[in-house]
Amino acid sequence: CPALWGGMPGSPSMATEYIFHKGVLFPIMNYSPETLSFVENEFQVRDDHVFNVTYPKSGTNWMLEILSLIRYGGDPSWVCSVLNWKRAPWMESQTGLEAALKYLPPRLLTSYLPIQLFPKSWHHSKEKVKIIYTLRCPKDLLVSLYHFSHFMHVYKLSSSIDVFLEDFLSGNMPYGSWFNHVTGWMRLKGNENFFSITYEELQQDSVWRICHFLGKELSEEQVATVVENASFQSMKGNKMSSFSLLQDKYIDHKKGNFLRKGICGDWKNHLSEVQSQRFDIIYRERMQNLDITFLWD
Ligand code: A3P
């Protein structure tokens, strides 16, 4: 029982504000075992669904913005008038599921779920449903997540980056272990309807490839509009995308920003040599069976 862990020797430092569902931690706020079970067992995936799947802090909202803009051929009206969490609801959260069920097809949905908790009905639509999986250098992701935990109430605050690092490496994190998430989803690499891309590649602008995967033909001009409107600065200046309108019960706006730095390699400013080496050891061990080389490797 996670609620009992606080104060127990050897307990995960972040356990008290989370629930355990099928071996995976989820924030208590906005998640429930009932919703998670519904999503896994009863949610009906349709052929025209497009899923934006990530582990948190991998570039979820950047991809969400790109997909929203591609949907309307680069026209920014939708991203400037509808909140991002309504444009592509996080289907496994309680409020996200409500929005997802009301969403008129074709649905664009976001998910942090590890593959084993993804809707089972997807298996019947595998030939058609498109899944876009975005990954990010895990050290940068960890640093981004650490900052995020300081202003988002869904995450429990860690006493130090050292403690946070250990929790990350051992998988005591909401949405489970990053290693399991990535190795689970990346098993689909090579499937026609699975497209994976890294945050680092997005920096180099890969909108063409995403359009091609979605079967959307955009002109050069339209692609340029997508890139421009999904830039860090544009998103920061757009209240529909910056999370500045997120309710205070979820976020302490005075303590931080969703759009923090938006750069690659920031981990070097936050992790010591020792911490980085410790990370590398576990990384090599956990990723050895995945026959993929990433930019950060
Ligand atoms: P940093 O905290 O390193 O700045 P997610 O959307 O998965 O929660 O990821 C958030 C991270 O993506 C944050 O990283 C945020 O700044 C970055 N990000 C969001 N939109 C971006 C954009 N358009 N360009 C670059 N980085 C972006």
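All ligand and atom numbering here is 1-based and tracks the order in the structure. Computed from heavy atoms alone, side chains included, the values below leave out hydrogens, waters and symmetry copies.
Within 4.0 Å of ligand 1, counting heavy atoms only, the contacting residues are K57, S58, G59, T60, N61, W62, R136, S144, Y199, A230, S231, F232, M235, F258, L259, R260, K261, G262.
In summary, the aromatic rings of H153 and Y155 are positioned with their centroids too far apart to meet the 6.0 Å limit.
In terms of the side-chain contact (heavy atoms from CB on, under 4.5 Å) criterion, residue partners of I263 (sequence neighbours excluded) are, by chain and number, K261, D266. T198 is linked by a side chain to side chain donor-acceptor pair (under 3.5 Å) to E201, counting only residues two or more places apart in sequence or in another chain.
Identified under the salt bridge (charged side-chain N to carboxylate O under 4.0 Å, His left out) test for residues 271-297, with sequence neighbours left out: K139-D280, E166-R278.
Remark: of the listed residues S241, S234, S231, S241 is the sole one forming a side-chain hydrogen bond (donor to acceptor under 3.5 Å, both in side chains) with E65.
Salt-bridge check for K22 with E40: passed, with a basic side-chain N closer than 4.0 Å to an acidic carboxylate O.
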